[in-house]
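In what follows, a structure is listed as structure tokens, so that the remarks can point back to it.
Chain letters run A, B, ... following the sequence lines, proteins first and then strands; every chain starts at 1.
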Amino acid sequence: MLDIKLIRDQPDFVRQRLAARGAGDERLIDDLLKLDEQWRRQVSEVETLKAQRKRVSKEIGALMGQKKTEEAEARKRETSALGDRIAALDRGAAEAEAARNQLMLRLPNLPHATVPPGKEAADNPVIRVHGEKPSFAFPAKSHVELCEKLGLVDFERATKLSGSGFVLYTNWGAKLERALIQFMLDLHTSAHGYTEVSPPYMVGPQCLEGVGQFPKFADQYYGVQEGLDAGTLGKLYLIPTAETPVANIHREEILKESALPLRYCAYTPCFRGEAGAAGVGTRGMIRVHQFDKVELISIVKPENGYTEHEQMVAGAERVLQSLGLHYRVVLLCTGDMGFASAKTYDLEVWAPGQGSYLEVSSVSNCEDFQARRMNLRFKTEAGDNRFPHVLNGSGTALARLFVALVETCQQADGTLAVPAALQPYLKTERITT
RNA sequence: GGAGAGAUGGCUGAGUGGUUUAAAGCGCACGCCUGGAGAGCGUGAGUGGGCUUAUACCCCACCCUGGGUUCGAAUCCCAGUCUCUCCGCCA
């Protein structure tokens, strides 16, 4: 959520920054200012009346105390109409405020000044490249073929269980998935200072609203119903990312300044409806309804937001480096950023069998956008309550990492050479049938 | 799922319709006192919003949430949420 005071004081600046994102949201600013103006007018009017009512009620109380019943009754009659007027004005003000807030919740974050202008993914500049594309003395196979030959994934039976977009890891595939999760958690908690948490996989709608997934993108997530009780539908949602529960851990709290920075690391499965994405990358496991991910969340003082951001990207990169994967870091342009983000880097890992880069991490500084929605604050030494910066980054997402790893590690004989970093977890140097 | 109890400020806890702002205690901050500390004394301190150059003044709202009754609600009425205890079921 943007700061209403910023919108009031610098509407042109806000319009300009929203326009840079290219979604046309800047047109909402006029409506919003109109509603805000209306709300403020009604509030100050109703508050005057409330002050009056309060005064008279006290006088009536005093008269009653002095047994001046007749006078008290007379004052009551005079004031009886006041209540109705207040109620009517209150209702009008509440409506204007609610309408204003609905608009506020639908406005995306403003891009940071260092975000390059652009319309789409093709406009994202590559910031750096790590390593080189591996070359093979044989034709590189796709992960689909490798996984089937080595029995790592059973695509057909996954479909039998849950339809398309689901993965059944089997044997070494399941072990590899688990090894990757544990390797990443260990790396972030021991080397990067994150505290491991294991959150609920179902959350209330307020958590989705808090991070900016609701209300605008409500059609992309799975709502849960308890048994046959349709009345419970919509009370809980399957998390689309660990960001949803973890960033909300301290919602509605006022943290001590000394508690910051807070750094959390969590493994969770992620559930995504991917509505409208049918047919796009559905082959194999590039785009699925359920995947595993290790997520990083930082809550920091605003002045430290962007150094934390760089540090978080470096932490996610370390995962790919340790696994010997070739990747590049991309800075998302204004038109390609997520709703809540002010600045985002994507990590794209090379998948030889696909002949393309796969997005395995997205690291964003949402500045105070989410903190405002969650009403998460910290109290400074001086006693002021301020909104912290909230950052999230994948560290990293599986399924796609699995794909890139399998395709990168393939050998001429169709087996996989396990990277040194994973050997302690898998207790083998080679994955064969 | 059944039965009961409860939800008040950072914490404990009083308050069942009014006459000044939610008593009191603990904890907290500052000051006085002291060589220093403690005790003691004094002062202050919540959150959001409106009005403002202003974190000043003034005003409004907030005693779990949402409705209602009333001139007036922490207090009365209705609905809901959550927590705790016991029972049942259960990994």
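When ring centroids are compared, A/Phe339 and A/Phe369 come within the 6.0 Å threshold.
Using atom C1' as the reference point in both B/C59 and B/U21, the two lie 14 Å apart (nearest Å). Comparing the same atom, C1', in B/A39 and in B/G48 gives a spacing of 39 Å after rounding to whole Å. The C1' atoms of B/C63 and B/C58 are separated by 25 Å, rounded to the nearest whole Å. The P atoms of B/A79 and B/C86 are separated by 28 Å, rounded to the nearest whole Å. A distance of about 16 Å separates the P atoms of B/U8 and B/A74, rounded to the whole Å. Here, B/U52 and B/C57 have their C1' atoms 9 Å apart, quoted to the whole Å. Atom C1' of B/C76 sits at a distance of 8 Å from the matching atom of B/U69, rounded to the whole Å. B/C60 and B/C51 have their P atoms separated by 15 Å, with the value rounded to a whole Å.
Figure legend. B/C11 is base-paired to B/G25; pairs are counted as Watson-Crick or G-U wobble with both atom distances under 3.5 Å. Pairing of B/C84, defined by two Watson-Crick or G-U wobble distances under 3.5 Å, is identified with B/G4. Under the Watson-Crick and G-U wobble criteria, each requiring two contacts below 3.5 Å, nucleotide B/A73 is left unpaired. Nucleotide B/C63 has no partner under the Watson-Crick or G-U criteria, as no pair reaches both atom distances under 3.5 Å. In this entry B/C89 has no Watson-Crick or G-U wobble partner, no candidate having both defining distances under 3.5 Å. Base pairing analysis places B/A54 opposite nothing; no Watson-Crick or G-U wobble pair with both distances below 3.5 Å involves it. Base pairing annotation: B/U20 forms no Watson-Crick or G-U wobble pair, as no partner gives both donor-acceptor distances under 3.5 Å. In this structure B/G31 sits in a base pair with B/C41, meeting the Watson-Crick or G-U test at under 3.5 Å.
Taking atom CH2 on A/Trp39 and atom P on B/G49, their separation rounds to 8 Å, with Å as the unit. Atoms CD (A/Glu47) and P (B/G48) sit 16 Å apart, rounded to a whole Å. As a whole-Å value, the separation of A/Lys54 NZ from B/C58 C1' is 12 Å. Between the C1' atom of B/G50 and the CG atom of A/Asp90 lies a distance of 13 Å, rounded to the nearest Å. The NZ atom of A/Lys5 sits 14 Å away from the P atom of B/U53 (whole-angstrom rounding). Nucleotide B/C59 holds its C1' atom 13 Å from the CG atom of A/Leu49, rounded to whole Å. Straight-line distance from the CD atom of A/Glu71 to the P atom of B/U19: 19 Å, rounded to whole Å. One can place CG of A/Asp9 at 11 Å from P of B/C51, the figure rounded to the nearest angstrom.
There is a side-chain donor-acceptor pair under 3.5 Å between A/Lys379 and A/Asn385. Side-chain atoms of A/Glu97 and A/Gln38 form no donor-acceptor pair, as typed in the model, at a separation below 3.5 Å.
Between A/Phe387 and A/Leu376, the shortest heavy-atom contact is CD2-O, 3.3 Å.
Evaluation of the salt bridge (charged side-chain N to carboxylate O under 4.0 Å, His left out) rule for A/Asp90 yields A/Lys50 as partners, not counting sequence neighbours.
Applying the ring-ring contact (aromatic ring centres under 6.0 Å, His included) test to pairs two or more places apart or on separate chains, those with a residue in residues 94-115 of chain A are A/His112-A/Tyr306.
A sub-4.0 Å separation between OP1 or OP2 of B/G50 and a side-chain N or O of A/Arg8 is present. Remark: A/Lys379 is not in phosphate contact with B/G10, judged by side-chain N or O atoms under 4.0 Å from OP1 or OP2. OP1 or OP2 of B/C51 lies within a sub-4.0 Å distance of a side-chain N or O belonging to A/Arg40.
Checked for salt-bridge contact, A/Asp9 and A/Lys5 miss the test: no charged N lies under 4.0 Å from a carboxylate O. Taking a cutoff of 4.0 Å between a charged side-chain nitrogen and a carboxylate oxygen, A/Asp36 and A/Arg40 qualify as a salt bridge.
Nearest-nucleotide positions on RNA chain B place A/Ala62 closer to the 5' end than the other of A/Ala62 and A/Lys235. Between A/Arg100 and A/Val46, it is A/Arg100 whose nearest contact on RNA chain B lies nearer the 5' terminus.
Counting any heavy atom pair closer than 4.0 Å across all strands shown, A/Asp384 reaches no nucleic acid atom. Among the protein residues, A/Arg377 comes within range of the sugar-phosphate backbone only, with heavy atoms under 4.0 Å from sugar or phosphate atoms but none that close to a base.
The OH atom of A/Tyr267 lies 13.0 Å from the CD atom of A/Glu295; values are rounded to the nearest 0.5 Å.
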Protein-to-nucleotide contact annotation, 5' to 3' order, nucleotides 64-77 of chain B [B base; S sugar-phosphate only; - none; under 4.0 Å, heavy atom] = -------BS-----
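Here the options are A/Thr241, A/Asp346, A/Thr396, the test is side chain to side chain donor-acceptor pair (under 3.5 Å), and the partner is A/Ser362; only A/Asp346 passes.
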